[in-house]
Amino acid sequence: QKEVEQNSGPLSVPEGAIASLNCTYSDRGSQSFFWYRQYSGKSPELIMSIYSNGDKEDGRFTAQLNKASQYVSLLIRDSQPSDSATYLCAVNRPGGGADGLTFGKGTHLIIQP
Amino acid sequence: GAGVSQSPSNKVTEKGKDVELRCDPISGHTALYWYRQSLGQGLEFLIYFQGNSAPDKSGLPSDRFSAERTGGSVSTLTIQRTQQEDSAVYLCASSLGRGLFFGPGTRLTVL
C-alpha cells in the first residue's frame, strides 16, 4: 500500500472555478500535512500546512483534513491560469523526525482560460 | 539570499565517475534533507540530518550514495561510480520544524 496517494490527473478546471485536489495517506500516526506547488522545471514550494481536523483558509486556498478518513484536500477558489502546476501532498514520515515527509506523486492541475 | 541554495545547478558526468552535490540551507535551520526526483516521478527521500544527531540514511538507494553535513550547516551529497539510473534532479530542503523549504535543485545527467 502506497503511503501517500494522489490522482495524477491532469485535472482540468475552467478559470474562475474551484479546483479540488485530494490526497489519502496510510499511516494513522501522521500528524502534519502539507501541500506543495511545483511548476514545471522548478522545485516544490510550500503553500499550505494543516495539523488538526477541519478547514484552514489562506487567501484563495483552503486545506481540509479528516484524520478519521485519512484524507487531506486542497481547494483553490477563483482558479487562475497561474495556478496551473503539479500539487504535491506531503505527510510526515513515520519515524522520520519531527518533519520528515513522504510525498505523493502529485496532481497535475490545468486551469483553462 | 534567504533561501536554500544548491550547486551546481546542472551536472553532466560520464558513467562511473564520482560527483559531489552541495547544499547551503537557510541560516538557523536545524534539519536538512536530500530528495531526488526523476522525470515525471514523485520525490524520493534520501537522507535526513537533524542537529548533531546521527543522520537518517534509510532512503539511500545503495552504498554508492553518501552525505555529510559539516558544522551543522552545509551538506554534500556524494555519488560514487555513477550509473545512468542516477540521473535525476537532486533537491535539498531545510526546516525549522514546520514544513520543508526546498532549494532549486541540481539536475544530474549521467551519460
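Just so you know, these numbers come straight off a predicted model, no measurement behind them. Order of the sequence lines sets the chain letters (A, B, ...), proteins ahead of strands, with each chain counted from 1. Keep in mind that the numbers below use all heavy atoms, side chains included, and drop hydrogens, waters and symmetry copies.
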>> Please classify the contact between B:Glu44 and chain A as side chain, backbone, both or neither, with a heavy-atom cut-off of under 4.5 Å.
In response: neither
> Do B:Asp86 and B:Arg36 have side chains that get closer than 4.5 Å, going by heavy atoms?
Replying inline: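 SC-SC contact between B:Asp86 and B:Arg36 confirmed.
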>> Within the structure provided, determine whether B:Tyr33 and B:Cys92 are in side-chain contact (heavy-atom separation under 4.5 Å).
In response: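 With C-beta onward as the side chain, the pair stays apart.
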> Which bit of A:Gln38 is near chain B, if near means a heavy-atom gap under 4.5 Å: side chain, backbone, both or neither?
Replying inline: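 When you check distances to chain B, only side chain atoms of A:Gln38 fall under 4.5 Å.
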>> Quick check for you: among A:Gly106, A:Gly41, A:Pro44, A:Ala90, which has the greatest number of heavy-atom pairs under 4.5 Å with chain B?
In response: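 Result: the option with the highest number of such pairs is A:Pro44.
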> With no hydrogens and no angle check, do the side chains of B:Arg22 and B:Gln6 hold a donor and an acceptor under 3.5 Å apart?
Replying inline: no
>> Between B:Tyr35 and A:Phe103 (judged by ring centroids, cut-off 6.0 Å), do the two rings come close enough to count as a pair?
In response: yes
